[in-house]
A.B. asks: 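Here it is: the structure, laid out below.
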Amino acid sequence: MAAKKSLRKKFFTALKILISIGLLYWVFSQMNWNLLKKELRQAEWIWLFIAWISFVLSQVISVWRMRLYLKKVDVHLPFLTNAQLYALGMFYNFFIPGGVGGDAYKVIALRNHFQRPLKELTSAIFFDRFIGLCAIAILICFSIILLPVEISPSLYYSILLLGSGGLLVGPMILGKIFPKFKKIFFPTLIYSFAVQAFQIGSVLSILISLEQTEELYLYIVIFLISSVLSIISFAGLGIRESIFYYAGEYFKFNPDVSAGVALMFSVISLLTSLIGGIYVIKKIDFGLKPNHHQKNETSL
């Protein structure tokens with residue numbers, strides 16, 4: 001059974017990598033690299049630095065969000081330790097595709113130290129991801145209805161209903177599956193909106209650095225859509241660039257610059273993930289194992 005799961009995981013990882021390679025090859029073969037190089041040479045690097053800072057802040061908020069879920073399964077980590085674990089997870093996701101994924105590593109590391117049930121830890125990490133996707137989906141629903149394109153009334157109200165339904169139905173579904181997470185649905189959803197706000201800020205900063213200040217709203221919607229679809233590729237690579245390129249052609253703005261913006265965001269993500277490599281060498285100190293205290297408390 002374990003061998004089948006491992007084989008299936010390797011198959012899907014390989015499939016994601018192939019999708020990323022194929023999409024990147026297609027986008028790169030379409031792009032005018034001379035034009036993009038010219039744009040990059042003229043870029044305002046202070047705005048690229050701001051884009052990086054904005055992305056880092058989005059990850060800091062993600063760490064706070066994950067802490068709320070871990071607390072609900074009696075895993076209490078100092079913020080710095082949690083940030084180190086989160087950074088290591090990012091590193092695993094980007095640079096060790098054939099091994100243990102970042103989320104799986106978090107679960108294993110926390111289980112080994114805190115001796116918590118595997119199901120609880122897995123659900124905490126899963127819902128931390130899930131709430132992020134919920135926030136993006138809700139933002140997409142409310143953003144699409146404001147797009148400068150003609151939408152039929154039936155589609156308009158369907159999208160509006162879907163976005164509103166996510167806010168209302170989400171806690172009910174979460175409460176039925178895992179009641180202990182129900183109370184933190186809205187706090188973590190707000191954190192997730194903040195994460196997306198800073199990531200959108202990162203994309204906008206890249207656009208400003210390239211002096212692309214038109215159709216910013218369209219770029220935001222395109223970015224949100226690419227964030228959801230990035231789950232079908234490896235670390236979002238390829239899918240984001242191809243969506244930006246195609247959207248550039250469809251909406252009649254420069255597709256080369258558009259794909260370049262997505263590529264620069266991916267580079268920022270990749271460079272930030274390198275920080276987690278420190279904790280491959282320097283092991284994370286989780287502190288004293290809590291199982292001794294738990295035994296003493298149960299014996300009282």
Side-chain angles (χ1 to χ4, degrees), residues 16-17 20-21 23-24 27-28 31 33 36-66 83-84 86-97 102 129 132 135-136 139 191-213 216 218-231 233-245 247-248 254-279:
K16 284 185 175 184
I17 292 171
S20 289
I21 292 171
L23 289 173
L24 284 173
V27 173
F28 288 172
M31 288 172 65
W33 286 95
L36 186 58
K37 285 176 186 176
K38 182 184 174 183
E39 292 286 344
L40 286 173
R41 279 195 295 266
Q42 296 173 352
E44 295 183 42
W45 290 93
I46 184 64
W47 279 105
L48 291 178
F49 178 71
I50 292 171
W52 176 70
I53 292 295
S54 189
F55 180 81
V56 170
L57 288 173
S58 77
Q59 300 309 296
V60 171
I61 296 169
S62 293
V63 173
W64 280 108
R65 184 184 66 195
M66 189 173 79
Q84 291 169 349
Y86 192 90
L88 184 56
M90 287 180 66
F91 179 84
Y92 269 78
N93 283 335
F94 252 107
F95 299 104
I96 312 180
R129 289 280 190 176
I136 297 171
L139 286 171
Y191 274 121
S192 299
F193 286 143
V195 169
Q196 291 310 309
F198 277 104
Q199 293 205 0
I200 288 168
S202 181
V203 172
L204 293 178
S205 297
I206 295 170
L207 285 163
I208 293 170
S209 77
L210 299 173
E211 298 183 350
Q212 301 293 318
T213 54
L216 294 180
L218 277 174
Y219 275 108
I220 291 171
V221 178
I222 293 162
F223 171 71
L224 290 171
I225 292 171
S226 71
S227 296
V228 172
L229 294 178
S230 65
I231 60 174
S233 67
F234 175 66
L237 295 172
I239 191 75
R240 185 178 291 115
E241 289 77 8
S242 59
I243 288 173
F244 268 71
Y245 186 89
N254 194 315
D256 301 305
V257 174
S258 181
V261 170
L263 182 61
M264 290 166 77
F265 183 84
S266 295
V267 169
I268 286 173
S269 304
L270 186 146
L271 292 175
T272 305
S273 300
L274 280 171
I275 297 170
I278 296 169
Y279 305 107

A.B. asks: As an exercise, state the distance from OH of Tyr245 to CG of Asn254, rounded to the nearest 0.5 Å.
C.D. replies: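 Tyr245 atom OH to Asn254 atom CG measures 9.0 Å (nearest 0.5 Å).
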A.B. asks: Taking all non-hydrogen atoms of both residues, which atom of Ser226 and which atom of Ile243 are closest, and how far apart?
C.D. replies: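 The pair with the smallest heavy-atom distance is CA-CD1, 3.7 Å.
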A.B. asks: Atom OG1 in Thr213, atom CD1 in Ile208: separation rounded to 0.5 Å?
C.D. replies: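 Answer for the OG1-CD1 pair, Thr213 versus Ile208, is 8.0 Å.
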A.B. asks: Can you give the donor-acceptor pairs under 3.5 Å from side chains of residues 43-53 to other protein atoms, not counting sequence neighbours?
C.D. replies:
| residue | atom | partner | partner atom | Å |
| --- | --- | --- | --- | --- |
| Trp52 | NE1 | Thr272 | OG1 | 3.1 |

A.B. asks: Just verifying a value: how many Å separate Ser230 OG and Ile136 CD1, rounded to the nearest 0.5 Å?
C.D. replies: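 The OG atom of Ser230 sits 7.0 Å away from the CD1 atom of Ile136.
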A.B. asks: Determine, stepwise, if the pair Tyr279 / Phe91 fulfils ring-ring contact (aromatic ring centres under 6.0 Å, His included).
C.D. replies: CA-CA 9 Å; Tyr279 305 107; Phe91 179 84; 10.0 Å; no
A.B. asks: Quick one: closest heavy-atom pair of Phe244 and Ser258, and the distance?
C.D. replies: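 Heavy-atom minimum between the residues: O-OG, 2.7 Å.
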A.B. asks: Taking all atoms of both residues into account, what is the closest heavy-atom pair of Ile239 and Leu229, and its distance?
C.D. replies: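 Heavy atoms of Ile239 and Leu229 come nearest at CG1-O, 3.8 Å.
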A.B. asks: Just do the side-chain contact (heavy atoms from CB on, under 4.5 Å) check on Val60 and Trp64 with the steps written out, would you?
C.D. replies: CA-CA 7 Å; Val60 171; Trp64 280 108; 4.2 Å; yes
A.B. asks: Is the shortest side-chain heavy-atom distance between Val56 and Ile275 below 4.5 Å?
C.D. replies: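 Counting from C-beta outward, Val56 and Ile275 never come under 4.5 Å.
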A.B. asks: State, to 0.1 Å, how close Ser269 and Met90 come at their nearest heavy-atom pair, and which atoms those are.
C.D. replies: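 Nearest pair, atom of Ser269 first, then Met90: O-CE, 4.4 Å.
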A.B. asks: Quick one: list whatever passes side-chain contact (heavy atoms from CB on, under 4.5 Å) with Ser54, sequence neighbours left out.
C.D. replies: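 Applying side-chain contact (heavy atoms from CB on, under 4.5 Å) to Ser54 gives Phe198, Ser202.
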A.B. asks: Quick one: closest heavy-atom pair of Glu241 and Ala262, and the distance?
C.D. replies: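 Shortest heavy-atom contact: OE2-O, 3.5 Å.
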A.B. asks: Using the rule given for side-chain contact (heavy atoms from CB on, under 4.5 Å), can you reason through Val261 versus Gln212, listing the C-alpha separation, both sets of side-chain angles and the distance that settles it, and then say yes or no?
C.D. replies: CA-CA 10 Å; Val261 170; Gln212 301 293 318; 5.7 Å; no
A.B. asks: Got a second to check how far Ile200's CD1 is from Ser205's OG, nearest 0.5 Å?
C.D. replies: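 The distance works out to 11.5 Å.
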A.B. asks: If you measure from OG on Ser273 to CG on Leu271, what distance do you get to the nearest 0.5 Å?
C.D. replies: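 Ser273 atom OG to Leu271 atom CG measures 8.5 Å (nearest 0.5 Å).
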A.B. asks: Can you list the steps and then say if Gln199 with Gln59 is a side-chain contact (heavy atoms from CB on, under 4.5 Å)?
C.D. replies: CA-CA 9 Å; Gln199 293 205 0; Gln59 300 309 296; 3.2 Å; yes
A.B. asks: Please give me the minimum heavy-atom distance between Arg65 and Gly132, naming the atom from each residue.
C.D. replies: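 In this case the closest contact between Arg65 and Gly132 is NH1-CA, 3.7 Å.
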A.B. asks: Roughly how far apart are Asn93 CG and Leu88 CG, rounded to 0.5 Å?
C.D. replies: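 It comes to 10.0 Å.
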